[in-house]
Amino acid sequence: MTREHQGESRGWAAARKGVWSWLRFTSLRLRLVLVFGLVALTAAVSASGIAYWLNREAVLTRTQDAVLRDFEQEMQNRAGALPEHPTQDELQHTAGQMANSSQRFGVLLAAENADGETVYGSSGGLGGFALSDVPESLRTAVNKEQKVTSANKHAYHLYWQRMSDDGTPYLVAGTRVIGGGPTGYMLKSLEPEAKDLNSLAWSLGIATALALLGSALLAQALATTVLKPVHRLGVAARRLGEGKLDTRLRVSGTDELADLSRTFNSAAENLEKRVADMAGREQASRRFVADMSHELRTPLTALTAVTEVLEEELEYEGEGEDGSFDPMVEPAVRLVVSETRRLNNLVENLMEVTRFDAGTARLVLDDVDVADQITACIDARAWLDAVDLDAARGIHARLDPRRLDVILANLIGNALKHGGSPVRVSVTRADDEIVIRVRDHGPGIPEDVLPHVFDRFYKASASRPRSEGSGLGLSIAMENAHIHGGGITAENSPEGGAVFVLRLPQDPSPPVDDDAGDGAHGGDGEGSAGDGSRGKDAKGRA
């Protein structure tokens, strides 16, 4: 892939990420816009519907009243002037005259001629308005004679009905001439009014759409105004979570959002003070441990020299025929020697942990052969008869030899002390990593202990608070792996025993210090952090 294509891919990925983050952030914004839009749509549709219905009724009623009034007048003036038994030509002529009124409607007249036959006259000729075009229900109502009373002065009335034919609306009406005469029917097209109403509907629809768009824009503007302080609060909270404790919000106004900003600033200020206080206490604690360790080294040096002399004296007297040591004193001397060594290891480990906590530990990298480094570690501690090494020479990596020796000494020593011999050490290469596996043949690590094997001073059994180690070895090994950019994992092998897996990059890139004299513990082969991390007391053959 070319650089140009890579740049395009990264740009597309960044744009897509930005869109998704905008959508996630504006979920409340979208809800506000939708709510405003729904309210505006409901109001606009309701108003438009009511306006359309009112205008429709007004237009149709006005047109209908004018047509019916004109038809009724034409029936009285022209149809009423016909003889009692008109001919078809007379009906045809009168219907044509009636149709030429101002309303321009179709007319159909029906009457009996002198021979008693029903004849029809239509304003449109033989192919025009016919009786079949009139609904039967309307014909029945028109021809039905009603009883004349004080409330009903005429036997026949004018009836009308709206209907639709092929999508075109019509008004049809019928009546009989008062006092006897022909029956007349009228057909009026309402298509012009329908077109006017359609135009009104389109206008109201456009007005509704504009109202919806306007409400969306208004909602967007209001959401921006309301959510901008919320966005600033979110950004400030993220900065605070990243450790920038001096983050503060600019407070303006007296509304609820301003109160929220003041609350955030107060909480951030209190948190900054609390963290600063805790950091000061932690720094003081680290300084105390470091100072204490340094102060202990001077008397420990003298004690170590004395105990070495006592130990040599014990060995010398033990080789002679008559020992000069009191049998009651000899156990105490040996206990003093053992505890002095343990105290010396503890002080060295404490100093190393203090360096890691203070961030002053640095690497001195060199190109090393991993197999040679492991062999040197095993040989220096006389573990050759207890360790099986499966490592091909030629696997090189840029590592700190002294810190790698610390890691190996603690892992192998821990396996020998708490596992079962022989301990198998294998080295493989995976991608750009060096993988070192240290496996023992013991019963393994209890499941409840596995998550804590790298904890400082962790003891698997409260009944065994004392051990030969300092309780910091595996923790120091993990810190040394981390400073290389790697790590250590612990697990139980399906075939039995515990397996520690060390992964280190072939070319780490942490801070490098040319000064190797930081006093790091070189590993005494006793796997100090492993003591008590298993639930047993098995010893290796080292």
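Note that the structure is predicted; figures quoted are calculated from it, not measured.
Using a 4.5 Å heavy-atom threshold, the side chains of L504 and V370 count as separate. A heavy-atom distance below 4.5 Å is found between the side chains of L233 and L249. The shortest side-chain heavy-atom distance between H484 and L404 does not fall under the 4.5 Å cut-off. Between D369 and R393 there is a side-chain heavy-atom pair separated by less than 4.5 Å. At least one side-chain heavy atom of T428 sits under 4.5 Å from a side-chain heavy atom of R437. No side-chain heavy atom of M478 sits under 4.5 Å from any side-chain heavy atom of V453. A 4.5 Å side-chain heavy-atom check between F500 and I407 finds every atom pair outside the cut-off.
Residues forming a side-chain contact (heavy atoms from CB on, under 4.5 Å) with V235 (at least two apart in sequence, or on another chain): H231, R238, R239. For the side chain to side chain donor-acceptor pair (under 3.5 Å) test, residues two or more places apart in sequence or in another chain that qualify with D259 are R262. Remark: D379 pairs with no residue by the salt bridge (charged side-chain N to carboxylate O under 4.0 Å, His left out) rule, at least two apart or across chains. Under the side chain to side chain donor-acceptor pair (under 3.5 Å) criterion, E495 pairs with R439, not counting sequence neighbours. With sequence neighbours excluded, the residues that form a salt bridge (charged side-chain N to carboxylate O under 4.0 Å, His left out) with E272 are R248. When the side chain to side chain donor-acceptor pair (under 3.5 Å) test is applied to T208, the partners found at least two apart in sequence or on another chain are S48.
Residue D390 holds its CG atom at 12.0 Å from CD1 of I436, rounded to the nearest 0.5 Å.
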